[in-house]
Amino acid sequence: MKKIAFLLALFTYSFLFSQEYHDFGFARNFDIPVFGSGASALANPWGGGINSIRASEIDLDLDGIKDLFLFEKNGNRILPYLNNGIENEISYRYAPEYKHSFPILHDWVILKDYNGDGKEDIFTYGLAGITVYKNISDSALRFELITTQLESYYYNNYTNIFSSPDDYLVIEDIDNDGDVDILNFMVLGRYIHFQKNYAIENSGHAENFDFRLADECWGKFAEGADDNSIELNVDCGSRDRDKTRHVGSTILAYDYTKDGKKDILIGDIDYPEIVFLENGGTVEEALMVSQTTSFPNAIQPIHLYSMPAVTFYDLSNDGIDEIIVSSADPSLVKSENQNSVWLYQYNNTSETYELQTRSFLQEDMIDVGSGAYPVLFDWNGDGLEDLFIANYGAYDSSTFYNYYLASYYSSSIAYYENIGQDTAPEFRWVTDDFGQLRDSGHEALYPVFGDFTGDGTIDLLCGNRNGNLLLFRNTGADGALPQLEESVIYGDISVEDYSTPQYFDLDKDGKKDLLIGNRRGQIAYYRNISTDSIPTFELITAQLGGVDVRDFTLSYFGYSVPFFFRTSDDLTVLFCANEQGKIAYYKNIDHNLDGTFELVEDAIFEVEENRRYDISEGIRSGLSIYDLNHDQFPDLLVGNYAGGLSFFQGTTPPDIHISIENYEFSSFEIYPNPANEKIVIDGRIEKIKKICIYSVTGEKIASIHNCDVPVILSTEHLSAGFYILRIQDQDNRVHTEKIIIAH
């Protein structure tokens with residue numbers, strides 16, 4: 001009888017567990033073709049853009065072929081690319097599904113096989129030091145935390161190996177003994193420390209680290225304190241008297257001269273050149289004997305603002321390394337952003353590396369510079385939504401002002417015409433400067449389309465960095481490329497900084513209102529009170545619905561980009577992107593414009609192989625929603641600060657409990673179960689990001705954040721019965737467990 005009752009309880013549990021659904025479903029999609037200026041479709045149009053990357057190689061799909069791992073510094077994005085494995089050809093496919101296999105990474109990442117098992121491990125920035133994850137892949141890509149602080153023996157004790165978040169150091173076998181060593185800048189910069197690894201000497205294998213400071217002035221050179229100059233043959237004994245700080249460099253050790261010794265390539269903050277230093281010493285005693293900024297050749301030297309980082313990898317599967325160069329400057333407003341990934345290939349005839357492209361991978365995707373803000377509007381009146389992409393700006397030029405680099409950007413709007421069909425959208429590039437706005441010198445233009453002058457022609461009304469709205473009156477013919485008059489400030493509308501307007505009938509009175517996001521992370525509501533064909537707006541509130549998308553643990557700013565949307569049931573909902581790249585979802589808007597909108601947590605995500613992942617494509621994101629293929633499910637376009645777009649096709653809304661789907665993750669022990677007064681969560685990790693307890697009907701009973709492991713949860717307040725425990729670790733992997741409370 002008890003067995004029957006238990007089975008009945010499980011049946012009831014399963015029935016209840018499947019009755020509620022999310023409001024929306026999304027799945028990443030690459031099938032919508034996008035044509036650039038050429039005849040062929042772009043290979044990876046929805047790759048999300050690139051500004052500043054550092055490349056590493058790794059076998060992502062475990063097929064024995066090295067693939068490409070890019071770490072985008074602007075927003076800490078992981079960009080995996082699968083090598084198509086074609087001999088003598090550089091051919092890669094964007095494969096974002098593999099980014100979920102990596103832990104949360106930030107500031108800098110270098111993949112390097114430290115233990116000689118043929119699998120690249122992760123070295124990344126920790127708090128003023130180096131964090132290491134071991135590659136433990138078997139049937140799938142997996143990593144295990146080894147240490148959060150890599151240590152070395154300095155003088156008379158072990159301490160963490162110093163690393164700046166803005167420098168790229170060296171993880172390489174410097175002395176050719178079979179284990180990886182480290183070259184890092186001393187705390188004050190200028191000089192390079194050699195951390196020798198004694199793993200091989202100690203045990204005959206490289207599995208366990210044993211770093212010791214072997215040289216405080218490796219190579220006998222010093223960086224200039226105020227510029228990118230290099231001083232050779234320095235008197236290292238006098239270094240302690242030189243307290244001038246130098247911060248912001250990339251270093252790469254590579255045997256470029258093929259003599260068995262590691263040469264050095266250095267990129268410097270605020271400078272576009274790579275300084276190549278030739279090692280004329282020995283393996284045991286490095287000595288840099290010459291330098292040049294004409295690398296890799298005098299005709300096409302690297303000249304890329306700012307702080308270029310160099311890597312060598314065999315991209316073409318021919319056994320010869322290519323050179324990849326990109327900016328590593330931590331600033332968002334200093335570097336080239338559209339031609340910022342240079343690729344050199346070796347020419348056997350000329351016996352030198354020659355520049356092949358300044359936009360490797362970028363040329364195969366939508367990339368509008370810095371910032372990508374998609375807006376859908378049927379410009380040519382053919383019934384299909386065309387795609388417009390505004391930006392913060394495309395890189396224009398750089399100059400030095402009071403010894404500091406200043407770079408200039410010009411905002412513009414790219415126009416991609418929808419040349420597809422109702423059920424099959426397809427976009428073709430028309431211009432990257434719609435209305436020729438680039439020469440107007442604005443930054444962070446954000447357009448809405450409408451007849452704002454009452455003449456029957458569609459004009460552009462643009463938000464911008466200054467926070468007001470700019471009206472560009474169109475004197476051209478409908479459907480043709482616009483003829484825009486010089487901008488004028490529109491009305492008495494201002495939200496202080498970074499205005500991002502949407503033109504939408506919020507109060508359902510038949511007239512479109514202005515809903516304007518801003519840098520504060522809030523939304524201003526300007527109601528349309530016009531009585532004729534020329535709209536007139538009145539400020540109703542500067543903080544509509546109590547919306548504030550700032551995360552004060554990370555920033556005082558929010559950079560809200562609102563998108564109000566009306567469902568098939570005529571309900572108004574709000575999707576709002578923010579500075580951290582998250583998308584907040586709000587309900588309870590209709591008949592509540594004077595109140596506080598309902599923020600729905602864990603609601604906007606992509607589903608992949610029955611697993612859920614938050615949609616977070618990069619910092620300062622923007623979005624647009626529309627049912628592009630008319631399948632009754634709205635699709636989602638997401639832009640980010642790296643200048644590209646990601647496309648998520650609308651799908652059948654998943655069961656609400658997809659958000660607590662059981663991932664393959666065995667790092668937790670949960671006991672006792674059944675529980676009475678308490679339950680313990682233990683595991684092989686130090687912290688848990690989030691723990692939630694749900695009823696069997698999906699109601700969230702309790703949640704706690706950022707817990708040290710082990711965690712002891714009191715269950716005295718819970719009624720007897722079944723519950724779902726959802727655990728999210730710091731790498732965003734999720735484990736769920738059915739628990740029983742038996743008082």
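Between the side chain of Ser560 and the backbone N or O of Gln522, at least one donor-acceptor pair lies under 3.5 Å. In this structure, Glu72 contributes its side chain and Asn51 its backbone to a donor-acceptor pair below 3.5 Å. Judged by distance alone, the side chain of Asn29 and the main-chain N or O of Phe647 form no donor-acceptor pair under 3.5 Å. Not one N or O on the side chain of Asp569 forms a donor-acceptor pair closer than 3.5 Å with the backbone of Leu571. With hydrogens and angles ignored, the 3.5 Å screen pairs a side-chain donor or acceptor of His630 with a backbone N or O of Asp422. Checking side-chain atoms of Ser487 against main-chain N and O of Phe472 turns up no donor-acceptor pair under 3.5 Å. Tyr373 contributes no side-chain N or O that, together with a main-chain N or O of Val561, makes up a donor-acceptor pair within less than 3.5 Å. No donor-acceptor pair closer than 3.5 Å links the side chain of Ser411 to the backbone N or O of Gly393. In this structure, Asn391 contributes its side chain and Val368 its backbone to a donor-acceptor pair below 3.5 Å. At distances below 3.5 Å, not a single donor-acceptor pair connects side-chain atoms of Glu617 with backbone N or O atoms of Leu645.
Side chains of Lys508 and Asp590 form a contact here, defined as non-hydrogen atoms less than 4.5 Å apart. Looking at Glu606 and Leu636, their side chains never come closer than 4.5 Å, going by heavy atoms from C-beta outward. Contact check for Val34 versus Leu387: no side-chain heavy atoms found under the 4.5 Å cut-off. At a threshold of 4.5 Å between non-hydrogen side-chain atoms, the residues Val638 and Phe575 do not count as touching. Using a 4.5 Å cut-off on side-chain heavy atoms (C-beta onward), Val573 and Val600 make no contact. Side-chain contact check for Trp46 versus Ile366: some heavy-atom pair is nearer than 4.5 Å. Two residues are said to be in side-chain contact when any heavy atoms from C-beta on lie closer than 4.5 Å; Arg77 and Asn640 meet this criterion. Side-chain contact check for His100 versus Arg611: every heavy-atom pair is 4.5 Å or farther apart.
Counted within 6.0 Å of CG on Asp594, heavy atoms from surrounding residues, nucleotides or ligands total 12 or fewer; the atom is thus considered open. More than 12 heavy atoms of other residues, nucleotides or ligands lie within 6.0 Å of NE2 in His717, so this atom counts as buried by the packing criterion. The 12-atom threshold is not exceeded at NZ of Lys512, counting heavy atoms of other residues, nucleotides or ligands nearer than 6.0 Å. Heavy atoms from other residues, nucleotides or ligands lying under 6.0 Å from CG of Asp492 number 12 at most. Around the CD1 atom of Ile489, the shell of radius 6.0 Å holds no more than 12 heavy atoms that belong to other residues, nucleotides or ligands.
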(message) Assess the residue pair Ile739 and Thr715 against the criterion (side chain to side chain contact (heavy atoms under 4.5 Å, CB included)); give the C-alpha distance rounded to whole Å, side-chain angles, the decisive distance to 0.1 Å, and a yes or no.
(response) CA-CA 11 Å; Ile739 59 173; Thr715 57; 5.7 Å; no
(request) Check the pair Tyr525, Leu515 against side chain to side chain contact (heavy atoms under 4.5 Å, CB included), reporting the backbone distance first and the verdict last. (result) CA-CA 5 Å; Tyr525 171 28; Leu515 300 315; 3.5 Å; yes
(request) Apply side chain to side chain contact (heavy atoms under 4.5 Å, CB included) to the pair Leu713 and Leu725, showing each step before the final yes or no. (result) CA-CA 11 Å; Leu713 297 178; Leu725 186 68; 4.2 Å; yes
(message) Pair Asn337, Tyr409 - check side-chain hydrogen bond (donor to acceptor under 3.5 Å, both in side chains), show working.
(response) CA-CA 10 Å; Asn337 54 18; Tyr409 299 82; 5.1 Å; no
(message) One pair to check against side chain to side chain contact (heavy atoms under 4.5 Å, CB included): Phe557 and Asp497. What are the steps and the verdict?
(response) CA-CA 10 Å; Phe557 302 118; Asp497 294 298; over 6 Å; no
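By the 6.0 Å and 45° rule, Arg428 does not stack over the aromatic ring of Phe35. Remark: Arg620 qualifies as a cation-pi partner of Tyr641 under the 6.0 Å distance and 45° angle criteria applied to the six-membered ring.
Of the residues Phe449, Tyr416, Trp429, Tyr446, the one that meets the ring pair (Phe, Tyr, Trp, His ring centres under 6.0 Å) test with Phe388 is Phe449. For the side-chain hydrogen bond (donor to acceptor under 3.5 Å, both in side chains) criterion with Thr572, the lone passing option out of Arg566, His591, Lys587 is Arg566.
No donor-acceptor contact under 3.5 angstrom links the side chains of Ser412 and Asp433, judged on distance only. Judged purely by distance below 3.5 Å, without hydrogens or angles, the side chains of Tyr392 and Arg465 pair a donor atom with an acceptor atom. Side-chain atoms of Asn44 and Tyr81 include no donor-acceptor pair closer than 3.5 Å. Side-chain contact check for Asn474 and Thr457: no donor-acceptor pair (N or O, by modelled atom type) lies under 3.5 Å.
Aromatic ring orientation, Phe24 versus Phe26: parallel (interplanar angle below 30°, classes split at 30° and 60°). Ring geometry for Tyr94 versus Phe30: interplanar angle over 60°, hence perpendicular rather than tilted (30 to 60°).
The distance from the CG atom of Leu460 to the CZ atom of Arg473 is 13.5 Å, given to the nearest 0.5 Å. Rounding to the nearest 0.5 Å places CD1 of Ile523 at 10.5 Å from CD1 of Ile516. Between the CG atom in Asp367 and the CD1 atom in Ile50 there is a gap of 7.0 Å [rounded to 0.5 Å]. Atoms CG and CG, from Leu470 and Leu437 in turn, are 9.5 Å apart once rounded to the nearest 0.5 Å. Once rounded to the nearest 0.5 Å, the distance linking CD1 of Ile529 with NZ of Lys511 reads 8.0 Å. Distance CG/Leu574 to CZ/Phe565: 12.5 Å, rounded to 0.5 Å.
Under 4.0 Å is where a charged nitrogen must lie from a carboxylate oxygen, and between Arg527 and Asp509 at least one such pair does.
Contact detail for Gly639 and Pro374: the closest heavy-atom pair is N-CD, 4.1 Å. Nearest heavy-atom pair across Val549 and Cys576 is CG1-SG, 3.9 Å. The shortest non-hydrogen separation linking Gly510 to Asp505 is N-OD2, 2.8 Å. Across all their heavy atoms, Ser555 and Glu579 have their closest contact at OG-OE1, 2.7 Å. Shortest non-hydrogen contact noted between Ser616 and Gln580 is OG-O, 4.0 Å. In this structure, Leu469 and Pro501 approach most closely via the heavy-atom pair CD2-CG, 4.0 Å.
The aromatic ring centroids of Phe452 and Tyr503 lie less than 6.0 Å from each other.
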Would you be so kind as to tabulate the donor-acceptor pairs closer than 3.5 Å made by side chains of residues 533-544, with sequence neighbours excluded?
| residue | atom | partner | partner atom | Å |
| --- | --- | --- | --- | --- |
| Thr541 | OG1 | Gln543 | N | 3.1 |

